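See structure below.
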Amino acid sequence: MKIINRLTSANVGQTSLGRYNRTEVGAAIAHIPRFEAYYDAEYYIAGAKEILNMAKGTMTVLPNAFTSVTNEQGQKAVERIYVNLNNSVTHLGDFDIDVNGFSFFVVLDHYNDQDLNTIRDFRLVRKVLQDDLPSFHALLSNVGATARLRRTSDREANSVLTAAVDPVNKPSIIVFSYSNGVGSINVNGKVTRGAFPQPTSGLKAEEWDWFRNMNGKAYAWGGLNIDLALPENSGYLEQLITFYKNKYSIA
């Protein structure tokens, strides 16, 4: 994320510049290194076909607008109810994924409608082209309340790791991570970890995308080029998860 350092000893006199206010989320997690993408429903303009990547200060184009909603506590979320591919909010990834270590996370209320068609899986991150080359494919299953990592962009198979997602405790914060042949799925602080083949494709900007088949409400999502599951990054992971668990009363 972009960080502004305040110089307490500088005196610039009168100025017509606006006042800088540090956001709640900025104070909580902006110090975590190598943030490449961060999106937050609180800063989405209702009806817009673009959304601010707060990590870069640039706009990401959307094929369709999100619906801007609030939960029972009055907190903003962006919603998309799946109908078909024509109402997609899929947006291209705008950074190169560092195969040496990376993480993706989302805070969401996934609408699991028990449609047994796996085409309906919500694919948080997936290579654009569907093939059998090794890539990183993070999704929430539409067939049972699970988060999964798949080893290719194929939509029907190749699940390597699976973690349970409580369908009652909503929203959830889910973190998918990878480095050195190990993948992990962290659901509200509970970790599932295991061997995962090194991705070799779908790593460059615009070779992968977000939010295929979104069906639910999302509060925030982002990507970092560090593996938050590594021991040396455990403090950052705890800060990220704790912030969202406190903000959205996640058990």
Side-chain angles (χ1 to χ4, degrees), residues 1-3 25-26 28-40 53-56 92-108 122-128 133-141 146-153 158-165 172-211 218-245 250:
M1 288 189 183
K2 293 186 178 299
I3 299 176
V25 65
I29 65 174
H31 63 284
I32 299 176
R34 302 203 68 189
F35 250 108
E36 302 292 345
Y38 179 77
Y39 301 96
D40 195 310
N53 178 349
M54 296 175 67
K56 290 190 170 185
L92 288 172
D94 64 356
F95 67 92
D96 293 348
I97 299 171
D98 185 349
V99 73
N100 294 309
F102 56 87
S103 301
F104 293 95
F105 71 91
V106 62
V107 183
L108 86 164
F122 168 41
R123 306 170 198 284
L124 175 66
V125 172
R126 202 202 83 165
K127 179 181 174 181
V128 172
L133 296 175
S135 62
F136 190 79
H137 185 174
L139 63 92
L140 275 83
S141 175
T146 58
R148 300 183 182 184
L149 280 180
R150 288 182 177 164
R151 60 183 174 81
T152 77
S153 56
N158 301 312
S159 291
V160 176
L161 292 178
T162 300
V165 178
S172 291
I173 175 166
I174 303 173
V175 185
F176 300 89
S177 300
Y178 170 83
S179 67
N180 299 319
V182 178
S184 68
I185 307 173
N186 187 311
V187 181
N188 300 332
K190 185 176 181 179
V191 182
T192 299
R193 181 180 291 108
F196 190 88
Q198 178 172 307
T200 59
S201 65
L203 299 169
K204 297 292 185 183
E206 301 190 0
E207 291 182 352
W208 60 276
D209 55 30
W210 303 88
F211 276 39
Y219 296 85
W221 62 101
L224 308 89
N225 269 329
I226 61 169
D227 180 354
L228 288 170
L230 291 176
E232 58 264 35
N233 295 325
S234 61
Y236 296 137
L237 178 63
E238 182 178 0
Q239 290 161 0
L240 180 78
I241 291 176
T242 299
F243 171 70
Y244 286 111
K245 289 182 77 170
I250 299 171

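Keep in mind it's a predicted model, so treat the numbers as computed, not measured.
Counting only heavy atoms from C-beta outward, the side chains of Trp210 and Val125 approach each other to under 4.5 Å. Counting only heavy atoms from C-beta outward, the side chains of Trp221 and Tyr38 never approach each other to under 4.5 Å. A 4.5 Å side-chain heavy-atom check between Ile173 and Asn188 finds at least one atom pair inside the cut-off. Counting heavy atoms from C-beta on, the side chains of Val187 and Thr192 never come closer than 4.5 Å. Counting heavy atoms from C-beta outward, Tyr244 and Leu240 have side chains that approach closer than 4.5 Å. Taking 4.5 Å as the limit, some side-chain heavy atom of Thr162 sits within range of a side-chain heavy atom of Arg148. In this structure, the side chains of Tyr178 and Leu149 stay at 4.5 Å or more apart for every pair of heavy atoms. Proximity of Leu108 to Tyr219: side-chain heavy atoms (C-beta onward) are nowhere separated by under 4.5 Å.
Of the inter-residue distances, the one linking Asp98 atom CG with Glu36 atom CD reads 8.5 Å to the nearest 0.5 angstrom. Atom OH of Tyr236 is separated from atom CD1 of Ile226 by 7.0 Å, given to the nearest 0.5 angstrom. Atoms CD1 and CZ, from Ile185 and Arg193 in turn, are 11.0 Å apart once rounded to the nearest 0.5 Å. Summarising the geometry, atom CZ belonging to Phe95 is positioned 7.5 Å from atom CG belonging to Leu224; distances are rounded to the nearest 0.5 Å. Note that OG1 of Thr242 is 8.5 Å distant from CG of Leu237, once rounded to the nearest 0.5 Å. Atoms CG and CZ, on Leu161 and Phe176 in that order, are 10.0 Å from each other to the nearest 0.5 Å.
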Go through the steps to decide whether Val128 and Glu207 satisfy the test side chain to side chain contact (heavy atoms under 4.5 Å, CB included), and finish with yes or no. CA-CA 6 Å; Val128 172; Glu207 291 182 352; 5.6 Å; no

- Task: Could you go through the side chain to side chain contact (heavy atoms under 4.5 Å, CB included) check for Lys127 and Leu133 one step at a time?
- Result: CA-CA 10 Å; Lys127 179 181 174 181; Leu133 296 175; 3.8 Å; yes

For the pair Val99 and Gln198, evaluate side chain to side chain contact (heavy atoms under 4.5 Å, CB included) and give the outcome as yes or no after the intermediate values. CA-CA 7 Å; Val99 73; Gln198 178 172 307; 3.5 Å; yes

- For Phe104 and Trp208, run side chain to side chain contact (heavy atoms under 4.5 Å, CB included): C-alpha distance rounded to whole Å, both residues' side-chain angles, the deciding distance at 0.1 Å, then the answer. CA-CA 13 Å; Phe104 293 95; Trp208 60 276; 3.7 Å; yes

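When atom types are taken as modelled, the side chain of Asn233 and the backbone of Asp227 share a donor-acceptor pair closer than 3.5 angstrom. Judged by distance alone, with hydrogens and angles left aside, the side-chain atoms of Lys56 form a donor-acceptor pair with the main-chain N or O of Asp94 at under 3.5 Å. Counting only distance, with no hydrogens or angles, the side chain of Asn225 and the backbone of Asn100 share no donor-acceptor pair below 3.5 Å.
Screening Arg151, Arg150, His137 against Ser159 for a side chain to side chain donor-acceptor pair (under 3.5 Å) leaves a single residue, Arg150. A side chain to side chain contact (heavy atoms under 4.5 Å, CB included) with Ile174 is found for one member of Asn186, Ile241, Val165 and no other, namely Val165.
Of all heavy-atom pairs spanning Phe122 and Phe211, the tightest one is CE1-CA, 3.5 Å. Contact between Asp209 and Leu92 at its shortest, heavy atoms only, is CB-CA, 4.0 Å. Taking both residues in full, the closest heavy atoms of Asp96 and Ala205 are given as OD1-N, 2.8 Å, listed atom of the first, atom of the second, then distance. Residues Ser135 and Ser153 share a closest heavy-atom pair of OG-N, 3.3 Å. Nearest heavy-atom pair across Ser177 and Val175 is OG-CG1, 3.8 Å. The heavy-atom pair separating Gly101 from Ser179 by the smallest distance is CA-CB, 3.8 Å.
Classified by interplanar angle (parallel below 30°, tilted 30° to 60°, perpendicular above 60°), the ring pair Phe102/Phe136 is perpendicular.
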